[in-house]
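Notes to accompany the following structure.
In this chain, residues are counted from 1 in sequence order.
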Amino acid sequence: METGNVIIGVVVGAAVGVALGILFAPAKGSVTRRNIKRETERQVEDLKDRFNDLIDDLAEKFDTVKEDVAGFAEKVMGKTEETVTAKS
């Protein structure tokens, strides 16, 4: 979860910096609003992309853990069957 917090912090910090830069820039209000809207849309898309990457990474890790657990379970079940067969 630390990676997610870092990503969110960076994106929010960048968005605030850009918004402040645009607000203090000497431009007409309509131009400034258009720039803010455009930059906000860009930041939202970037955040969506990063979030999707995070979800993909988590899904891959989940699949790996699931395969590892399945392999461990098969190994344990095999040893259990060997023990039962040996005692019979």
Side-chain angles (χ1 to χ4, degrees):
M1 210 52 170
E2 292 176 9
T3 303
N5 289 338
V6 170
I7 291 171
I8 289 171
V10 168
V11 170
V12 169
V16 168
V18 167
L20 287 174
I22 292 172
L23 288 174
F24 288 107
K28 286 177 64 177
S30 60
V31 173
T32 301
R33 286 190 297 274
R34 184 176 57 235
N35 290 341
I36 290 172
K37 180 181 177 191
R38 193 175 302 142
E39 184 60 28
T40 301
E41 289 170 351
R42 191 183 69 74
Q43 291 291 333
V44 167
E45 285 302 314
D46 186 47
L47 185 58
K48 284 180 186 178
D49 291 342
R50 289 176 187 239
F51 181 74
N52 287 333
D53 291 344
L54 178 64
I55 295 298
D56 291 342
D57 288 345
L58 290 174
E60 287 177 19
K61 288 179 182 179
F62 177 77
D63 288 341
T64 301
V65 169
K66 188 169 84 171
E67 290 170 5
D68 291 346
V69 168
F72 178 75
E74 287 177 13
K75 191 177 192 181
V76 169
M77 292 302 292
K79 287 184 179 183
T80 303
E81 289 175 6
E82 288 176 11
T83 304
V84 170
T85 305
K87 288 184 178 181
S88 297

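Within the structure, salt bridge (charged side-chain N to carboxylate O under 4.0 Å, His left out) pairs that include any residue of residues 32-49 comprise Glu39-Arg42, Glu45-Lys48, Asp46-Arg50 (at least two apart or interchain).
Annotation: the span from Thr40 atom OG1 to Leu47 atom CG amounts to 12.0 Å, rounded to 0.5 Å.
Within the 4.5 Å cutoff, the side chain of Leu58 has no heavy atoms near those of the Phe62 side chain.
Taking hydrophobic clusters as Ile, Leu, Val, Met, Phe, Trp and Tyr residues chained together by side-chain heavy-atom distances below 4.5 Å, Ile8 shares a cluster with Val16.
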